[in-house]
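Contents: one structure, followed by commentary.
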Amino acid sequence: MKKSLSILAALLLVASVNAQTLEQIVQKYSEANRYDKIAAMSTIKISAKMSVMGMDLPMEMWMKNPDKIKTVTSFNGQEMISAFDGTKGYVVNPMAGSTTPVEMTSDEMKQAANNNMFRNSLAEYLKNGKLTLLGEENVNNNPAYKIKADLDGGNSAIMFIDKATSLISKTTATVNTNGMTMTVDSYPSDYKEVNGLVVPMKTTTSAQGMDMVLTFDKIDVNIPMEDSIFQIK
């Protein structure tokens with residue numbers, strides 16, 4: 001009996017040591033992603049390409065602290081543009097038959113803000129009570145913490161944070177676009193530290209049976225960036 005109680009006590013001790021609270025998980029995640037350095041940056045520019053349906057589409061992303069973001073994707077000599085200047089957002093989408101700017105809805109502006117590296121911190125969601133720890137689950141045979149995030153715009157996401165690295169290994173998001181709801185699975189990989197940023201150099205995304213691969217080619221930080229870049233007239 002005494003031996004059994006000793007074993008039980010040891011198991012309980014191991015469990016208490018290994019158990020991580022949501023606050024501890026988010027703290028380690030923030031440290032692994034160098035969010036203290038990101039907060040001190042003024043601008044981020046990313047040159048990338050999106051590979052989809054056998055095509056490589058050049059892409060550029062501009063972000064200015066704290067809430068400005070613009071994305072330009074080139075396709076067949078035309079540009080798909082999404083820009084948010086901190087107050088208003090506009091979209092230009094030639095693939096939808098429109099080459100003139102269309103103002104974003106409030107939900108679309110919130111969704112755009114979710115993609116901004118200056119704002120996309122789990123610590124901010126935790127502070128606002130928008131995170132729930134759902135337990136653990138393996139991603140590619142590696143154990144990960146499973147966390148639900150209630151995003152702006154009425155969307156939600158499940159984030160899987162790798163237990164060994166404290167970096168995101170998978171995201172499953174429910175997205176509402178043009179009245180259509182769809183599930184998007186993303187698998188960030190090839191994490192590297194570039195100019196003080198820890199970023200996944202490759203992200204594979206699957207939605208509605210279509211796969212896309214986003215690859216970062218170049219990352220610049222603290223470069224001059226006029227506010228006019230984020231305004232479409």
Please tell me whether [X] and [Y] are part of a single hydrophobic cluster in this structure, the criterion being side-chain heavy atoms less than 4.5 Å apart.
X	Y	value
Val139	Ile25	no
Val194	Phe118	yes
Phe84	Met80	yes

### Task
Applying side chain to side chain contact (heavy atoms under 4.5 Å, CB included), run through Ile46 and Met117 and close with a yes or a no.
CA-CA 11 Å; Ile46 299 175; Met117 294 179 68; 4.0 Å; yes

From [X] atom [atom1] to [Y] atom [atom2], the distance as rounded to the nearest 0.5 Å:
X	Y	atom1	atom2	answer
Met59	Ser47	CE	OG	11.0 Å
Arg34	Asn195	CZ	CG	13.0 Å
Phe160	Thr171	CZ	OG1	8.5 Å
Leu197	Ile44	CG	CD1	4.5 Å
Asn33	Glu193	CG	CD	10.5 Å
Leu22	Ile147	CG	CD1	5.0 Å

List, one per line, each side-chain donor-acceptor pair under 3.5 Å for residues 200-221, sequence neighbours excluded.
from	atom 1	to	atom 2	distance (Å)
Thr205	OG1	Ser186	OG	3.2
Ser206	OG	Asp211	OD1	3.1

Just by modelled atom types, is the [Y] backbone N or O under 3.5 Å from a matching donor or acceptor in the [X] side chain?
X	Y	result
Ser156	Asp150	no
Tyr191	Ile168	yes
Asp85	Thr87	yes
Asp162	Ala164	yes

### Query
Can you check whether Glu79 reaches Ser74 side chain to side chain, under 4.5 Å on heavy atoms?
yes

Shortest non-hydrogen contact from [X] toward [Y]:
X	Y	answer
Trp62	Phe230	O-CE2, 3.5 Å
Ile158	Lys146	CG2-CG, 3.6 Å
Thr165	Ala32	O-CB, 3.6 Å
Pro94	Thr99	CB-CG2, 4.4 Å
Met41	Gly196	CE-C, 4.0 Å
Ser169	Pro188	O-CD, 3.6 Å

### Message
Checking Ile81 against Tyr90 for the side chain to side chain contact (heavy atoms under 4.5 Å, CB included) test, could you report, in this order, the C-alpha distance in whole Å, the side-chain angles of both residues, the deciding distance, and whether it holds?
### Response
CA-CA 8 Å; Ile81 305 171; Tyr90 294 89; over 6 Å; no

### Distance-only side-chain donor-acceptor flag, Glu31 / Gln27, under 3.5 Å
yes

### Message
Side chains of Asn65 and Ser42: any donor to acceptor distance under 3.5 Å?
### Response
no

### Query
When you look at Leu126 and Glu23, which way does the side chain to side chain contact (heavy atoms under 4.5 Å, CB included) test go after all the steps?
CA-CA 8 Å; Leu126 178 65; Glu23 289 77 11; 4.1 Å; yes

### Message
If the threshold is 4.0 Å, N to carboxylate O, is there a salt bridge linking Glu136 and Lys163?
### Response
yes

### Query
According to the salt bridge (Lys or Arg N to Asp or Glu O under 4.0 Å) rule, which pairs have a member within residues 54-76, sequence neighbours left out?
Lys45-Glu60, Lys64-Asp227

